[in-house]
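Down below is the structure, laid out as structure tokens.
The chains referred to below are lettered A, B, ... by the order of the sequence lines, with proteins before strands, and numbering in each begins at 1.
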Amino acid sequence: MKRTIPLLITFAVGLILIIAMFIPHDPFFDMDRNFSIFYDVIAVFAFILGGGNLLRVHLNKVYLKRRDWKYSIVTVTGFFLMLLAGLLKIGVTEGWSGNFQGTGSLFKYLYDCTFQPLSSTMFSLLAFFVASASYRAFRAKTIEASILLVAAFVILVRPTPLGYYLTFWLPDPLKFLTISNLSTWILAVPNMVGQRAIMIGIALGIVSTSLRLILGIERGYLGGE
Amino acid sequence: MEAQPILTSPFAASLGMWIGGLLTLMILSFLYRDNPFYKFAEHLFVGISAAYWMVVGFWTTLIPNLIARLWPSHMGGILPSATANKPELMYVIPLIFGLLMLARLSPKASWLSRWAMAFVIGFAAGTNFTRYLQSDFVSQIHSSIAPIYSPGMSVMGTIGNVFSNLVIFAGLLGALIYFYFSKEHKGVFGRTARFGIWVLMAAFGATFGYTVMARISLLTGRMDFLIKWIGGIFT
Amino acid sequence: MVTIGIMRYLGTVIALLAVLAIVLPVWADEVPLAPSDFRAFDSPSDHGGSIDLKWQRSPDDGAGGNIVTAYEISRSATPDGEFSQVARPLKGVTAYSDNGLTDGTKYYYRIAAVSAGGLSDQVSAGPAVASQQWFNKKRANLLVVACILVFAIAYYIYLGAKGRDLHIRRIAGLEAVGEAVGRATEMGRPVLFIPGIQDMDNVQTVAGITILGEIAKMTAQYETRLEVPVSRSIVMSTGRETVRQAYLEAGRPDLYSDDMVHYITDEQFGYVAAVDGIMVRERPAACFYLGAFFAESLILAETGSSIGAIQVAGTAMPTQIPFFVAACDYTLIGEELFAASAYLSKDKKMLGSIKGQDAGKAVAMVFIIVGVVLVTLAAISGNHAVSRAGEWIKNLFALRM
Amino acid sequence: MADEQVKLTLVEKLGRVDRRIIFLLMGVAVLIPLLIHYTTTIPASLIVQDLFDKVESLPPGSKVLISFDYGPATEPENQPMATSITRHCFEKGLRIYMISLWATGPRQATELIDGIITPEFPGKVYGIDWIDLGFKAGGQGLINTLLSDFTAMYTTDVNGRAIAEFPMMAGIKSLRAFDLIYCVGSGQPGNKEWIQFAGDPGRIPVGGGTTAVMAPQLYPYYPKQTVGLLGGLQGAAEYEAALMVKYPKYKTMSRVASEKMGPQVSAHLVIAAFIILGNVTYLVERRRQKKRQ
């Protein structure tokens, strides 16, 4: 009961979706279309678990006055502020049938002045991290590391004057070695092949893992009896 | 819009700019070290964003794809367009699975949530199987089958072209052999795999170098915002 | 206002007439000859609701008078009822799919060629009935490929189940897993595990969670603290089941607590901000990133490197592998991530499936080699038979939608 | 020995620079060019220069078709490309025909007309020097038709005026009438379709610009099937630079792409410098270690 039925469900759902790829007839076609919506709905129910867990962790911190408990108040306040603004459609002019993130709504305002800048600043940290990672990782320690270094360096200096002055003096028969031609070649040849091999490998890995799941061989996620 | 002038007023806009600007600086301060400002921004971000996605899930999935499909006639006030539809009883299934998911909240019934997880895993296996088989496996093999020599080019062009195509051909086989798990990488097999790794490394370097520009654009965007905000204070 | 409207209308008419007078002095009043061989039939290999139309071009389309500009297709539910226009394909086109129809209903079609001088005679076709098909013939080749792969993988799983000894080569990144957990134990610091930022509908996350089970067995044995922040609620649920089971199997259910696996937020960068915070405050000695990652990969790996943790990453996101390779100590590249769970579990059936993957790779390589050799020979020799053989192999892998 | 020790630690220090110093330099490298509105001049790479030279080689009165196959989402990258080619064509006395395979394209064309053509080239006459023919659906199918019969699809300009009114439309029977097709693209349909369905079958020179994301997929067409290509902001900036070298008056005019490239160039140089530093110190250290052994 605790393991057999779940394994049967996985088997049936996986098989139906694969069959639907080759049989465009109902009921398979219909199930294929509906299953992804089913999945979305289940994920929304799961939000209750996730959100509940987040609240429990932070309220616990506050209650027990653990390290950094004051910041947990910020999390909980932000959570409820956003949740109520969105669920109650505060500030939405068209009432309950209006767009919950329409212009003038509190939800959109909060999104614009907190979520958006926080998210894009976090994203922009990458500009700093690509620099520190390049400095640390691109060192010619082995042949492999040297190839990584050279490919990255050629592509990296391509848009700079340095890229131009490094190779502009090459005589005509060697012009194919200029940074700009070299970077074009690296992008079009080794880069393309590398991506292709990785994609073929990944596809096989995913097909095999999917099969293991459908056949119930890989079942760690189900827990014990 | 006229009924709610507060949030669209110039004051709200400039307040929003201040909040956004301060939060931007707080996140950037993490580059120096962890500090109370970063902790504040981080904790705020977590709370706000978790609720954001819950609200989005509620209004864009739960209401139109579950409630409105099961009880369309009751949707008048919220989703008027749905009221004319017939109820789709099939959507009792995700409702049941969704409720089973919540069985985790009770220790005794928590095993029931596995049924919902089993659906999710089956869905993952089925969709990924077909999607990757098509777009990654079959179509990549298709585009790999290309002639190494193509006639009608100049001598130099032909040499360059054949060289590139040989790199493509050998590199692909080498990299595939690198991913071959059944055999140790020794002898000819090992050398081919080594060439495969080189090609992979060149690809990694190229992707890394190529992405740098996009990342700096992001930072430029944030800096532009800060300049606009701070510049706005003084003018 | 009305006069202006009329004037403009007149102006357009005069301009049009002028065009006709200049450009088409000879053909101005001529109507084209009708298209021929007009057929209507149920669209093959589909989910119904669609009828395909085919015809031969009008003799005046691209040849003859060369005056055809388009074709006009109309449809009716009765042979002599009212026909309404459904499409106006351009000249030179000889096929059209009429969508949004009702299955089981008879439809009648008419087509005429259009020129500046007017419509040709109409040609009729039908009735045709749309229906659903039981097999998508366009994907027959895909079915063959799928069967080969499934058979190969299933065969080796079967061998594994029978107890056949299946050898798998050493995977460097995986040897490091035990080492990393060991070091965390020595230093008395926690182990951090990140199963990516995607939900359980991504097989990479499933693979990550399976590996989490193996790592949890080690942390249970060594009594090392394990911390698993996640960004999806369903991942939290499955992660907890997996870790609980691992602690049970390792004989330490007493050490397990639900708090090991905790949810943060679904938002990509909100999650990263929090994980960065956890890293600099709790200072884990070992960080594992195994699952599906996007741009956050480098933010995590660089922060992890700044606190001096041993880092093992693995993902099948081609765009993110380079960043893990650059910033982590060990990286499972693409397919290795999927092999990892089988490798670590040492389960015979799981190992068998890896052998099956290899068989699939061998098949792919054989087809690529034979295909490339054939099309190259064809390009050099210009031999028709060789060229056809090459195209045939290539078409085995063509996608027809 | 003592001397050696001090030097060694210096090299070691340079090999282990605190990441916060790197962060600081990166921040400065991006911020300063933005504050001082620094514009760089990047010498054009071959793939861009070839396209420039092609335009340069056309005699006055030649016909250039510009296809606006993008929308506001990629405007930062694409718009400067359209601006540069327009300036170049008018400097050379070429005729410009604007069309669009994207419904969002005409808006971008209007932006070009209002922002560049009207203020900078008041002497150029609509219908004689340039014309806006607007959007038509159909993608590659449209290109296919235009190749055999241009006037079947375009009977009026974007404002609905019959093309017979415009002198510059006389003699345009098919795409073959054009001396260059210049596609400013950002996806499908776009550069690839123009190459495959117009350039290749019609033997018409095709060039253009595209976003950085799309560019790697188009490199393989150069130089056989495309005259040249501007890849992303960088390609746009290179074209601006090439234009400026030939027509110095553009030194003082707005060069949008070049301005946006300022922070890019300085930040790239900082990263490159650190990579070099890391490798030099690594090699020196390794040599010393070997010596000691």
Side-chain angles (χ1 to χ4, degrees), chain A residues 2 6 9-10 13-14 17-18 21 37-42 44-47 51 54 71 74-75 78-79 82-83 86 91 93 96 100 104 109 113-115 117-118 121 123-124 126-127 130 144 147-148 151-152 155-156 186 189-191 193-194 196-197 199-201 203 206 210 213-214 222, chain B residues 1 3-4 7-8 16 19-20 23-24 27 39 43-48 51 54-55 57 59 61-62 65-66 77-78 94 97-98 101 111 114 118 121-123 125-126 128-130 132 136-137 140 164 168 171-172 175 179 198-203 205-206 208-209 212 215-216 218-219 222:
Chain A
K2 285 183 180 176
I9 293 175
T10 304
V13 171
L17 287 169
I18 293 175
M21 187 182 184
I37 307 176
F38 286 11
Y39 168 78
D40 286 344
V41 171
I42 296 173
V44 174
F45 273 96
F47 268 139
L54 181 76
Y71 297 100
V74 178
T75 301
F79 181 83
M82 201 71 177
L83 193 69
T93 41
W96 281 109
F100 67 100
Y109 183 75
C113 67
T114 59
F115 189 118
L118 283 166
T121 311
F123 200 177
S124 75
L126 275 170
V130 286
E144 284 79 18
I147 293 173
L148 184 74
I155 306 281
L156 195 74
I186 292 175
V189 176
N191 181 45
V193 190
R196 184 177 284 169
M199 282 165 85
I200 292 178
I206 286 184
S210 300
L213 292 168
I214 292 173
L222 278 179
Chain B
M1 249 187 272
Q4 288 285 339
L7 291 177
T8 45
I19 299 175
L23 289 176
T24 300
I27 294 284
K39 277 187 202 170
H43 280 80
L44 181 70
F45 196 5
V46 168
I48 290 230
M54 286 179 84
V55 170
W59 289 119
T61 300
L62 203 64
N65 280 337
L66 184 69
I78 297 168
F97 275 130
M101 197 83 213
W111 59 273
R114 289 180 192 170
I121 299 288
F123 176 75
N128 283 279
F129 182 98
T130 52
Y132 280 89
D136 282 25
F137 190 71
Q140 289 304 322
S164 297
I168 291 176
L172 182 63
F179 288 119
W198 292 354
V199 171
L200 288 177
M201 285 297 161
F208 194 112
V212 169
R215 301 302 181 237
I216 289 166
L218 295 169
L219 182 59
R222 283 332 281 164

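- For F208(B), the part lying under 4.5 angstrom from a heavy atom of chain A is the side chain only.
- Here the closest heavy-atom approach between residue V193(A) and residue L172(B) is recorded as CG1-N, 3.3 Å.
- Ranked by heavy-atom pairs shorter than 4.5 Å toward chain A, the options L219(B), I48(B), I27(B) are led by I48(B).
- Ranked by heavy-atom pairs under 4.5 Å with chain A, the list I168(B), L66(B), V46(B) is led by I168(B).
- Although no hydrogens or angles enter the test, the distance criterion places no donor-acceptor pair under 3.5 Å between the side chain of S124(A) and the main chain of L218(B).
- For the options G171(B), G57(B), G98(B), heavy-atom pairs under 4.5 Å to chain A are most numerous at G98(B).
- Here the closest heavy-atom approach between residue G194(A) and residue A203(B) is recorded as CA-CB, 3.9 Å.
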Residue pair M82(A), V55(B): steps toward the side-chain contact (heavy atoms from CB on, under 4.5 Å) verdict: CA-CA 8 Å; M82(A) 201 71 177; V55(B) 170; 5.7 Å; no
Chi angles and distances behind the side-chain contact (heavy atoms from CB on, under 4.5 Å) call for L23(B), T114(A): CA-CA 7 Å; L23(B) 289 176; T114(A) 59; 3.9 Å; yes
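- Counting heavy-atom pairs under 4.5 Å between each of L62(B), V212(B), I121(B) and chain A puts I121(B) at the top.
- Heavy-atom pairs under 4.5 Å with chain A were tallied for G209(B), G20(B), A206(B); the largest tally goes to A206(B).
- Residues F115(A) and F45(B) approach most closely at O-CE1, 4.2 Å, considering heavy atoms.
- Looking at L213(A), the atoms closer than 4.5 Å to chain B (heavy atoms on both sides) all sit in the side chain, from C-beta outward.
- Both the backbone and the side chain of Y39(A) come within contact range of chain B, judged by heavy atoms closer than 4.5 Å.
- Partners of P117(A) by side chain to side chain contact (heavy atoms under 4.5 Å, CB included), not counting sequence neighbours, listed by chain and number: T24(B), R222(B).
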Step-by-step side-chain contact (heavy atoms from CB on, under 4.5 Å) determination, F47(A) to T61(B): CA-CA 12 Å; F47(A) 268 139; T61(B) 300; over 6 Å; no
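- For chain B, the nearby part of V44(A) is the side chain; its heavy atoms alone come within less than 4.5 Å.
- The backbone N or O of A118(B) lies less than 3.5 Å from a partner atom in the side chain of T10(A), making a donor-acceptor pair.
- Interface residue L118(A): backbone and side-chain heavy atoms are both found under 4.5 Å from chain B.
- Only the side chain of L54(A) comes within contact range of chain B, judged by heavy atoms closer than 4.5 Å.
- Distance check: I200(A) CD1 to F137(B) CZ gives 7.0 Å after rounding to the nearest 0.5 Å.
- Heavy atoms of F179(B) lying under 4.5 Å from chain A belong exclusively to its side chain.
- With chain A as the partner, the residue from P94(B), A175(B), G16(B), A202(B) showing the most heavy-atom pairs under 4.5 Å is P94(B).
- Contact count versus chain B (heavy atoms, under 4.5 Å) is highest, among I18(A), I214(A), L156(A), for I18(A).
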Test log, rule side-chain contact (heavy atoms from CB on, under 4.5 Å), inputs F123(A) and R215(B): CA-CA 8 Å; F123(A) 200 177; R215(B) 301 302 181 237; 3.9 Å; yes
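- Here the closest heavy-atom approach between residue L83(A) and residue M54(B) is recorded as CD1-CB, 4.2 Å.
- In this structure, the portion of Y109(A) lying under 4.5 Å from any heavy atom of chain B is its side chain and not its backbone.
- In terms of heavy atoms, A203(A) sits closest to D136(B) at CB-CB, 3.7 Å.
- The distance from atom NE2 of H43(B) to atom OG1 of T75(A), rounded to the nearest 0.5 Å, is 4.5 Å.
- Remark: L44(B) CG to Y71(A) OH distance equals 12.5 Å, nearest 0.5 Å.
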